[in-house]
Amino acid sequence: MVSVHTLVSVRATIGDPGYSVNPPDHIVFIVDDDRRIREAVSDLLSSFDMQAVAFGSAAEYMAYAKPDLPACLVLDVELPDINGLDLQSRIAQGDHPHIVFITGHGDIPSSVRAIKSGAVDFLTKPFEEADLMRAINTALAQNRQARRKRAELADLRQRLLSLTPREREVLLLVASGLLNKQAAAELGVSEVTLQIHRGRIMKKMEAGSFAELVRMAGALEIPMTRSRHSQS
């Protein structure tokens, strides 16, 4: 049986049918093979009315169905099944929680590797409660921001899909810096036709200004292969 210790507050437990007020807006995962650490961190988070789920191994954490919430992962370096740093590498490509490492055997190479790979902090046991809470709150804030950016990018991609093939060609050219008449010449259309395409693009992309449209193109990593300065 998977040993999972779930904590938040007496009234706010995941799956509690009596819980109907203020649904959780975050979750903190704790992965540590030391039961005392799991309980201590869970109790600390509970005292701040923070949602937490704790696991004794990386496998238990990986098998858990993650809720769609801003999240932080408090992760021990030394685990019974996989090194915490290796787990960090394994989940790096997905939409994973921001990580706060805790360890009883900290060393400089490990801390450098963790931070370079995106960890918010690397705390050595015993750590101060204030330091841990500060790191967790920072991790949650960064995760919220990352989730917002992913949502915004997904929305931009949906808008881009609404463009016709010709409108995408126009977007590439005008966002690259070409004037309307230069882009029209490049496509073999009149400047009036080009302006009509550009207006439709602005509307479909919901861009309030041309500068905003260019920023959108940059966020979408649309290749900027031409500029008016390269035109003869």
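Look at Asp43 and Arg38 and you find no salt bridge, because none of the NZ, NE, NH1 or NH2 atoms lies under 4.0 Å from a carboxylate O. A salt bridge does not link Asp155 with Arg150: none of the charged nitrogens is closer than 4.0 Å to a carboxylate oxygen. One finds no salt bridge joining Glu152 and Arg148 here, because no Lys/Arg side-chain nitrogen approaches an Asp/Glu carboxylate oxygen to under 4.0 Å.
For the residue pair Pro24 and Gln51, the shortest heavy atom distance occurs at CB-OE1, 3.9 Å. Ile27 approaches Pro67 most closely through the heavy-atom pair CD1-CG, 3.8 Å. Across every non-hydrogen atom of Ala217 and Ala175, the tightest pair is CB-CB, 3.8 Å. Between Leu123 and Leu132, the closest heavy-atom pair is CD1-CA, 3.7 Å. In terms of heavy-atom proximity, Val120 sits nearest to Ala135 at CG1-O, 3.8 Å. Considering all non-hydrogen atoms of both residues, Arg144 and Pro70 come closest at CG-CB, 3.5 Å.
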What do the steps show when you test Ile136 against Val74 for side-chain contact (heavy atoms from CB on, under 4.5 Å), and what is the final call?
CA-CA 8 Å; Ile136 288 173; Val74 178; 3.8 Å; yes

Intermediate values then yes/no, side-chain contact (heavy atoms from CB on, under 4.5 Å), His96 and Leu73
CA-CA 9 Å; His96 63 86; Leu73 172 57; over 6 Å; no

Go through the steps to decide whether Met133 and Leu45 satisfy the test side-chain contact (heavy atoms from CB on, under 4.5 Å), and finish with yes or no.
CA-CA 8 Å; Met133 291 306 302; Leu45 292 169; 3.9 Å; yes

Give the C-alpha distance, both sets of side-chain angles, the deciding distance and a yes or no for side-chain contact (heavy atoms from CB on, under 4.5 Å) between Thr138 and Asp121.
CA-CA 9 Å; Thr138 298; Asp121 211 336; over 6 Å; no

Under the criterion salt bridge (charged side-chain N to carboxylate O under 4.0 Å, His left out), I'd like the reasoning laid out for Lys125 against Asp32: C-alpha separation, chi angles, the key distance, then a yes or no.
CA-CA 12 Å; Lys125 304 171 185 175; Asp32 196 305; 2.8 Å; yes

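Ring geometry for Phe29 against Phe55 counts as tilted: the plane angle lies between 30° and 60°, on a 0 to 90° scale.
Applying the ring-ring contact (aromatic ring centres under 6.0 Å, His included) test to pairs two or more places apart or on separate chains, those with a residue in residues 118-162 are Phe101-Phe122. Applying the ring-ring contact (aromatic ring centres under 6.0 Å, His included) test to residues at least two apart or on different chains, none of the pairs has a partner in residues 154-189. Residues in residues 131-142 take part in these salt bridge (Lys or Arg N to Asp or Glu O under 4.0 Å) pairs, two or more places apart or across chains: Asp131-Arg134.
Side-chain atoms of Cys72 and Asn143, non-hydrogen and from C-beta on, never get closer than 4.5 Å to each other. Put simply, the side chain of Glu212 does not reach to within 4.5 Å of the side chain of Met202, judged on heavy atoms. Within the 4.5 Å cutoff, the side chain of Leu171 has heavy atoms near those of the Leu213 side chain. When side chains are defined from C-beta on, Ile222 counts as touching Leu160, because their heavy atoms get closer than 4.5 Å. Between His26 and Leu69, the closest side-chain pair of non-hydrogen atoms is not below 4.5 Å. For the pair Asp33 and Ser57, the minimum side-chain heavy-atom distance is 4.5 Å or more. Side-chain contact between Asp34 and Asp76: absent, with no pair of heavy atoms (C-beta onward) separated by less than 4.5 Å. Looking at heavy atoms from C-beta onward, Leu75 lies out of side-chain contact with Val100 at the 4.5 angstrom threshold.
Listed for the Gln88 side chain is no donor-acceptor partner under 3.5 Å among the backbone atoms of Ile99. Formation of a donor-acceptor pair under 3.5 Å by the Lys66 side chain with backbone atoms of Tyr64 is found in this model. With hydrogens and angles disregarded, no donor-acceptor distance shorter than 3.5 Å links the side chain of Thr193 to the backbone of Val189. Looking only at distances, a side-chain donor or acceptor of Ser47 sits under 3.5 Å from a matching main-chain atom of Leu44. The main-chain N or O of Leu178 is never found under 3.5 Å from a side-chain atom of Gln182 such that the two would form a donor-acceptor pair. With hydrogens and angles ignored, the 3.5 Å screen pairs no side-chain donor or acceptor of Ser46 with any backbone N or O of Ser42.
A distance of 11.0 Å separates CE of Met205 from CD of Glu167, quoted to the nearest 0.5 Å. With rounding to the nearest 0.5 Å, the separation of CG in Leu194 from CD in Glu169 is 11.0 Å. For the atom pair CE (Met62) and CG (Asp81), the distance works out to 10.0 Å, reported to the nearest 0.5 Å. To the nearest 0.5 Å, the span separating CG on Leu85 from CZ on Arg90 amounts to 13.0 Å. Remark: Glu206 CD to Arg159 CZ distance equals 4.0 Å, nearest 0.5 Å. To the nearest 0.5 angstrom, Gln142 atom CD is 5.0 Å from His98 atom NE2.
A search for side-chain contact (heavy atoms from CB on, under 4.5 Å) contacts involving Arg157 returns Leu153, Leu220, not counting sequence neighbours. With sequence neighbours left out, Asp107 forms a side-chain contact (heavy atoms from CB on, under 4.5 Å) with Pro109, Ser110. The salt bridge (charged side-chain N to carboxylate O under 4.0 Å, His left out) check on Arg200 picks up nothing, with sequence neighbours excluded.
Linking Ile, Leu, Val, Met, Phe, Trp and Tyr whenever their side-chain heavy atoms come within less than 4.5 Å leaves Leu179 and Ile196 in two separate clusters. A continuous path of ILVMFWY side-chain contacts below 4.5 Å connects Ile30 to Phe48, so both sit in one hydrophobic cluster.
Counting non-hydrogen atoms of other residues, nucleotides and ligands closer than 6.0 Å to CD of Glu129 gives a total of 12 or fewer. Annotation for Ile108: atom CD1 does not count as buried by contact number, only 12 or fewer foreign heavy atoms lying within 6.0 Å.
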